[in-house]
Amino acid sequence: MAHVLTGRTPLGFETDDLARRLTALQDPATGLIPDGDLSDRGLDNPARYELERRPFDGSASYHILSVGYALKLLGRTFDHPIRIVHGLSTRDLVADLESRDWGAHAWASGAAVDAIGTACAVNIRDFGHLFDDEGFGPLYALLGWLTARSNETTGMWGARQKDTGWLQPVNGFYRLTRGTYAQFGLSLPHPEASIETVLTHAADPSLESGDGYTACNILDIIHPLWLAARQSSRRREEGEEWARAQLDRALTNWNDGEGFAFAPHSDGADSVPGLQGTEMWLTIVWLLADYLGVSDGLGYRPAGVHNPDPLVRIGAVDRS
């Protein structure tokens, strides 16, 4: 957020010291940044056991995104490649993807794909020369599975649920496509079907409630619409009508000197303005405005995890 709004390292921090503190968190053996103490390298260490049991679930997977992009904004990189992702065989990767509950837990499944895709992007961009012919790791297998498993009717990787409707599939779609198709500058498999499903979900009345109107839920709608609009104008007028209404509503929730709350109309801590809410809603406002063709008037462009530009373009990678 400091980078987006001021172009500088956050007040109170020095670039080199902040980068050193972030890179020191990385586990050299796996390349991940786990929660817990890994000073004991034995497999009986609970933190290491959890890391190696399913490394792309939980908080360690999100650190790939948050710390990796923070370092990029600081002009730095991880000290070590994310080795654990390049240790994934095609068989193991596909088995992991097939074993996930893409119905009830499509968001968590999509989040894991986001972490794997981002780890591949980091390794390709910063450490590709270390891997020789394996420089792309499991990326081709991941993209192949995703393309084959995308539902041609809905454009999703999950199914509508009785109690929550399209919430899980759409939210999972955002995380999955952010870390793969968007991050590598690739086209979606079924953009028009995706637009249909996302707009159906956008009309769900539960999203208007205090608990439903959150930064996550609105981001997870506008980013897919924004991304798919690069390939298709399907139902564009309806999408723009929704986007205008959301932009008007979001701007009324700004608090001078405080920013945005994550869930401005809910009860509890999420209704209080903070860093997370402000960063996410600034991204949402930009995406809504860009979808409507007026983002130039904002005077900023998202960066970090929510950077709208690809981190790596596969076709531009030097394979010599």
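Being a predicted model, the structure only gives us computed values, none of them experimental.
- Contacts of Y174 classified as ring-ring contact (aromatic ring centres under 6.0 Å, His included), with partners at least two apart in sequence or in another chain: H223.
- Counting heavy atoms from C-beta on, the side chains of I33 and Y62 never come closer than 4.5 Å.
- Taking every heavy atom of both residues into account, P308 and P302 meet most closely at CD-O, 3.4 Å.
- Remark: R235 pairs with E196, E238 by the salt bridge (Lys or Arg N to Asp or Glu O under 4.0 Å) rule, at least two apart or across chains.
- A continuous path of hydrophobic side-chain contacts links I221 to L247 [ILVMFWY only; heavy atoms under 4.5 Å].
- A heavy-atom distance below 4.5 Å is found between the side chains of W157 and L176.
- For T6 (side chain) and A2 (main-chain N/O), a donor-acceptor pair under 3.5 Å exists by modelled atom type.
- Taking the six-membered ring where the residue is Trp, the centroids of W102 and W145 are separated by under 6.0 Å.
- Inspection of the T30 and D27 side chains reveals an N or O donor paired with an N or O acceptor under 3.5 Å.
- Rounding to the nearest 0.5 Å places CG of L298 at 9.0 Å from CG of L282.
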Apply side chain to side chain contact (heavy atoms under 4.5 Å, CB included) to the pair R160 and Q168, showing each step before the final yes or no. CA-CA 8 Å; R160 187 182 186 280; Q168 281 280 335; over 6 Å; no
Given D16 and L74, is the side chain to side chain contact (heavy atoms under 4.5 Å, CB included) satisfied, shown in steps? CA-CA 8 Å; D16 289 342; L74 293 170; over 6 Å; no
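- Judged by distance alone, the side chain of D17 and the main-chain N or O of F13 form no donor-acceptor pair under 3.5 Å.
- A donor-acceptor distance shorter than 3.5 angstrom exists from the side chain of T278 to the backbone of F260, with no hydrogens or angles considered.
- Here the side chain of Q26 pairs a donor or acceptor atom with the backbone of H80 at under 3.5 angstrom.
- The distance from atom CG of L225 to atom CG of L287, rounded to the nearest 0.5 Å, is 10.0 Å.
- The minimum heavy-atom distance linking A263 with S266 is given by the pair O-OG, 2.8 Å.
- The shortest heavy-atom contact between S150 and H190 is OG-CD2, 3.2 Å.
- The shortest non-hydrogen separation linking A261 to D270 is CB-O, 3.5 Å.
- There is a side-chain donor-acceptor pair under 3.5 Å between D290 and S295.
- H306 and E279 form a side-chain donor-acceptor contact under 3.5 Å, judged by distance and modelled atom types alone.
- Rounding to the nearest 0.5 Å places CD1 of I222 at 4.5 Å from CG of L288.
- With sequence neighbours excluded, the residues forming a ring-ring contact (aromatic ring centres under 6.0 Å, His included) with H265 are Y213, listed by chain and number.
- Linking Ile, Leu, Val, Met, Phe, Trp and Tyr whenever their side-chain heavy atoms come within less than 4.5 Å puts Y69 and Y300 in one cluster.
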Stepwise side chain to side chain contact (heavy atoms under 4.5 Å, CB included) test for Q231 and L188: CA-CA 8 Å; Q231 298 173 243; L188 296 170; 3.3 Å; yes
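- The shortest distance between side-chain heavy atoms of T154 and P169 does not fall below 4.5 Å.
- For D220, the salt bridge (Lys or Arg N to Asp or Glu O under 4.0 Å) criterion is met by no residue, not counting sequence neighbours.
- At least one donor-acceptor pair closer than 3.5 Å links the side chain of D101 to the backbone N or O of A104.
- Checking side-chain atoms of T214 against main-chain N and O of N217 turns up a donor-acceptor pair under 3.5 Å.
- Once rounded to the nearest 0.5 Å, the distance linking CG of L186 with OH of Y181 reads 8.0 Å.
- With contacts defined as side-chain heavy-atom distances shorter than 4.5 Å, the pair F173/S194 qualifies.
- Among pairs with a residue in residues 239-248, those fulfilling side chain to side chain donor-acceptor pair (under 3.5 Å) read R236-E240, at least two apart in sequence or across chains.
- Side chain to side chain, H86 and N123 meet the donor-acceptor criterion of an N or O pair below 3.5 Å.
- For D309, the salt bridge (Lys or Arg N to Asp or Glu O under 4.0 Å) test picks out R301, with sequence neighbours left out.
- Among all heavy-atom pairs drawn from A141 and L93, the shortest one is CB-CD2, 4.0 Å.
- A side-chain donor from one of Q183 and T118 sits under 3.5 Å from a side-chain acceptor of the other.
- Connection of W281 to W254 is established within a shared hydrophobic cluster, with ILVMFWY side chains joined at heavy-atom distances below 4.5 Å, either directly or through further cluster members.
- Atom CG of L5 sits in a crowded spot, with more than 12 heavy atoms from other residues, nucleotides or ligands closer than 6.0 Å.
- V272 and M1 fall into different hydrophobic clusters, where Ile, Leu, Val, Met, Phe, Trp and Tyr side chains are chained together by heavy-atom contacts under 4.5 Å.
- Under 3.5 Å, the side chains of T15 and T9 contain a donor-acceptor pair of N or O atoms.
- In terms of modelled atom types and a separation under 3.5 Å, the side chain of R76 and the main chain of L22 share no donor-acceptor contact.
- Look at D79 and R20 and you find no salt bridge, because none of the NZ, NE, NH1 or NH2 atoms lies under 4.0 Å from a carboxylate O.
- Side chain of S271 to main chain of G268: a donor-acceptor pair is present (N/O by atom type, distance under 3.5 Å, no hydrogens or angles).
- A donor-acceptor contact under 3.5 angstrom links the side chains of S206 and D204, judged on distance only.
- Taking CZ of F262 as the reference point, atom SG of C216 lies at 3.5 Å (rounded to 0.5 Å).
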Check against side chain to side chain contact (heavy atoms under 4.5 Å, CB included), N151 and T197: CA-CA 11 Å; N151 187 300; T197 301; over 6 Å; no
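- Proximity of T180 to L139: side-chain heavy atoms (C-beta onward) are nowhere separated by under 4.5 Å.
- Panel note: side chain S99, backbone D96; a donor-acceptor pair is recorded below 3.5 Å.
- Taking 4.5 Å as the limit, every side-chain heavy atom of V67 sits out of range of all side-chain heavy atoms of K72.
- Within 6.0 Å of the CD atom in E14, the count of heavy atoms belonging to other residues, nucleotides or ligands does not exceed 12.
- Proximity of D114 to F56: side-chain heavy atoms (C-beta onward) are nowhere separated by under 4.5 Å.
- The distance from atom CZ of R313 to atom CZ of R125, rounded to the nearest 0.5 Å, is 14.5 Å.
- The main-chain N or O of T90 is never found under 3.5 Å from a side-chain atom of D92 such that the two would form a donor-acceptor pair.
- At a threshold of 4.5 Å between non-hydrogen side-chain atoms, the residues H201 and M156 do not count as touching.
- Closest heavy-atom contact between A106 and G158: CB-CA, 4.3 Å.
- Linking Ile, Leu, Val, Met, Phe, Trp and Tyr whenever their side-chain heavy atoms come within less than 4.5 Å puts L142 and L88 in one cluster.
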